[in-house]
Q: 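Okay, here's the structure, questions in a sec.
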Amino acid sequence: MGYAVVLGEALVDLLDAECEGRPVFRQEIGGGPLNVAVGVSRLGGAAEFVGSFGDDVLAGRIRAFLADAGVGLAGAVAVGVPTTLAVTTHAGAEPDFRFYGEPPSYGLLTADSLDLALVEGADVLYCGSIVLLCPPVLAAARHAWSLATGLRVFDPNVRPRLLDGPSTLDGLREVVAEFAAGAHLVKLSEADAALLYPREPVEGVAAYLRELGAGTVVVTLGADGAIVAASPDPVRVPAPKVRAVDATGAGDSVMAALIADLLVDGEPAEPTDWHQRVAFALRVAGLVCESPGGAVSMPTRAEVLARFVD
């Protein structure tokens, strides 16, 4: 089994909480791609995180957290800015994010700072998330995408708070189309699909991304499961029933589970194999939803199998 390179952001989440009857914020390590890297490692895969960190105490905590999780840091670079904060509040289980820190510590990876050998040697390359709104990192992601010799996976992971107008959304749509065209797997949420392609049903979005060139498209639907388009006929895969308290990191855990399986068994030969893998990934996400936080909730494979007994 080889390794996955996960290119994207790492930051610190401040999660809405309560202590002794007073509202407080609980600090957790976060960032969608960071969650993916940790999830891959916890599920038994090897992951290398590629991105930029700040130069403060919080950045040190992020590095230590990733190292403790077994995630490689050979492709990570340090930049001279404070670590970006994502203040996370909830309406129900779904998180809402507001970002603080300019320039963002996660947005300063450049194409020149890529570890080319690390990228070229990866069996799976993940790109996506909010770093694609940062020109330096977008250039680095494009370069990595062009160097990849293994499977390429993509997740737009859209954050509406970071879109400052229709032109930004139009530009993001172009970037999504560009990466989807060369992806073996695209994973996006129902909310991503609705924002990028308003009034288009999720099955239509999945079909469109496959027409662009994506091999397989998975659209997560929260408690309703996922749409899997591994052939011209999309299939709905149900999610397990869980006691959800926090959906932070749930979509990232689906991506992590799919990458971990790609590392072990490669790309499925049949659409039904994708359906089975997505069913397992939704179980991983269900377990994540039963605990607060994102990366800290990523389970091991044994924990998933113990929680959901066939």
Side-chain angles (χ1 to χ4, degrees), residues 1-13 28-53 62-63 65-73 75-76 86 95 97 106 109 118-119 122-132 137 140-141 144-145 148 150-159 179 183-189 192 216 218-220 226 247-264 277-278 280-289 293-301 304:
M1 181 176 66
Y3 63 91
V5 161
V6 178
L7 189 155
E9 74 268 9
L11 43 76
V12 168
D13 286 326
E28 297 288 1
I29 307 301
L34 179 144
N35 294 340
V36 171
V38 172
V40 170
S41 181
R42 293 234 172 110
L43 290 168
E48 294 281 342
F49 183 82
V50 173
S52 59
F53 296 131
I62 294 173
R63 285 181 177 272
F65 180 84
L66 286 169
D68 288 346
V71 176
L73 294 168
F97 302 92
Y106 59 75
L109 180 76
L118 187 72
V119 172
D123 289 74
V124 177
L125 170 65
Y126 163 104
C127 289
S129 201
I130 62 178
V131 294
L132 299 182
V137 193
W145 207 246
L151 299 173
R152 294 179 298 276
V153 302
F154 176 69
D155 181 356
N157 197 26
V158 183
R159 293 288 179 253
F179 280 85
H184 295 85
L185 168 66
V186 176
K187 196 284 296 180
L188 69 164
S189 70
D192 293 336
T216 296
V218 176
V219 185
T220 55
T248 303
D252 303 326
S253 71
V254 170
M255 184 91 267
L258 295 176
I259 291 175
D261 283 347
L262 287 173
L263 287 173
V264 173
R277 292 192 190 185
V278 171
F280 174 76
L282 291 174
R283 292 184 173 189
V284 176
L287 189 51
V288 167
C289 288
V296 295
S297 300
M298 295 294 162
T300 65
R301 194 172 292 270
V304 178

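The figures here come from the full heavy-atom set of this structure, side chains too, leaving out hydrogens, waters and symmetry mates.
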Q: So which heavy atom on V296 is nearest to which on R42, and how close?
A: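 Closest approach of V296 to R42: O-NH1, 3.9 Å.
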
Q: Between D261 and R301 (salt bridge meaning N to carboxylate O under 4.0 Å), is one present in this structure?
A: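 R301 and D261: salt-bridged.
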
Q: Which atoms form the tightest heavy-atom contact between L43 and A257, and what is the distance?
A: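 Closest pair (atom of L43, atom of A257, distance): CD1-CA, 3.5 Å.
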
Q: For residues L282 and V254, determine if any side-chain heavy atom of one lies less than 4.5 Å from a side-chain heavy atom of the other.
A: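 Side chain of L282 against side chain of V254, heavy atoms only: contact under 4.5 Å found.
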
Q: Taking all non-hydrogen atoms of both residues, which atom of A37 and which atom of A47 are closest, and how far apart?
A: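 Looking at all heavy atoms of both residues, the closest pair is O-CB, 3.6 Å.
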
Q: Between Y3 (side chain only) and L118 (backbone N and O only), is there a donor and an acceptor less than 3.5 Å apart?
A: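 Yes, because the side chain of Y3 sits within donor-acceptor range (under 3.5 Å) of the backbone of L118.
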
Q: Are Y126 and V36 close enough that some pair of their side-chain heavy atoms sits under 4.5 Å apart?
A: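 Yes, side chains in contact.
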
Q: Within the distance-only criterion (no hydrogens, no angle test), does the side chain of D123 pair as donor or acceptor with the backbone N or O of L263 below 3.5 angstrom?
A: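 No; zero donor-acceptor contacts below 3.5 Å.
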
Q: Does F53 offer a backbone N or O that forms a donor-acceptor pair with the side chain of R63 under 3.5 Å?
A: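 Pair absent, no side-chain N/O of R63 close to backbone of F53.
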
Q: Could you state the interatomic distance from CG (D192) to OG1 (T220), rounded to the nearest 0.5 Å?
A: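 If I round to the nearest 0.5 Å, the distance is 7.5 Å.
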
Q: For the side chain of S52 and the backbone of Y106, is there at least one donor-acceptor N/O pair under 3.5 Å apart?
A: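 Yes, the answer is positive, given that a donor and an acceptor are paired below the 3.5 Å cut-off.
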
Q: Quick one, L185 and L258 - any side-chain contact, counting heavy atoms below 4.5 Å?
A: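 A side-chain contact exists here, since the closest heavy-atom pair is under 4.5 Å.
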
Q: Using 0.5 Å steps for rounding, measure from the CG atom of L188 to the CG atom of N157.
A: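 Reported value, rounded in 0.5 Å steps: 10.0 Å.
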
Q: Where do V50 and L109 land on the side-chain contact (heavy atoms from CB on, under 4.5 Å) test, with the steps shown first?
A: CA-CA 8 Å; V50 173; L109 180 76; 3.9 Å; yes

Q: At what distance, to the nearest 0.5 angstrom, does CD1 of I259 lie from OG of S41?
A: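 Between I259 CD1 and S41 OG, I get 12.5 Å after rounding to 0.5 Å.
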
Q: What is the distance from atom CG of L132 to atom CD of E9, rounded to the nearest 0.5 Å?
A: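 The CG atom of L132 sits 8.5 Å away from the CD atom of E9.
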
Q: Compare every heavy atom of G8 with every heavy atom of F49, then report the nearest pair and how far apart it is.
A: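 Looking at all heavy atoms of both residues, the shortest contact is CZ-O, 3.4 Å.
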
Q: Which one of V71, D13, D252, L66 satisfies the side-chain contact (heavy atoms from CB on, under 4.5 Å) criterion with L34?
A: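 Of the listed options, the one satisfying the test is L66.
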
Q: Using 30° and 60° as the class boundaries, would you call the ring planes of F179 and F154 parallel, tilted or perpendicular?
A: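 Ring orientation of F179 relative to F154: parallel.
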
Q: Show the numbers, then the answer: is there a side-chain contact (heavy atoms from CB on, under 4.5 Å) between V153 and M255?
A: CA-CA 9 Å; V153 302; M255 184 91 267; 4.1 Å; yes

Q: Looking only at non-hydrogen atoms, find the nearest pair between A144 and L125 and report the distance.
A: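 Nearest pair, atom of A144 first, then L125: O-CD2, 3.5 Å.
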
Q: Are the side chains of P299 and V288 in touch, meaning some heavy atoms are under 4.5 Å apart?
A: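 A side-chain contact under 4.5 Å exists here.
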
Q: Taking the side chain as every heavy atom from C-beta outward, state whether K187 and V219 have any pair of such atoms under 4.5 Å apart.
A: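 When only atoms from C-beta onward are counted, V219 and K187 do not touch, as no gap falls below 4.5 Å.
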
Q: Given the rule in the side-chain contact (heavy atoms from CB on, under 4.5 Å) test, do M298 and N35 qualify, once you have shown the distances and angles that lead to the verdict?
A: CA-CA 8 Å; M298 295 294 162; N35 294 340; 3.6 Å; yes

Q: Under 3.5 Å, is there a donor-acceptor pair between the side chain of S253 and the main chain of A250?
A: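 Between the backbone of A250 and the side chain of S253 there is a qualifying donor-acceptor contact (under 3.5 Å).
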
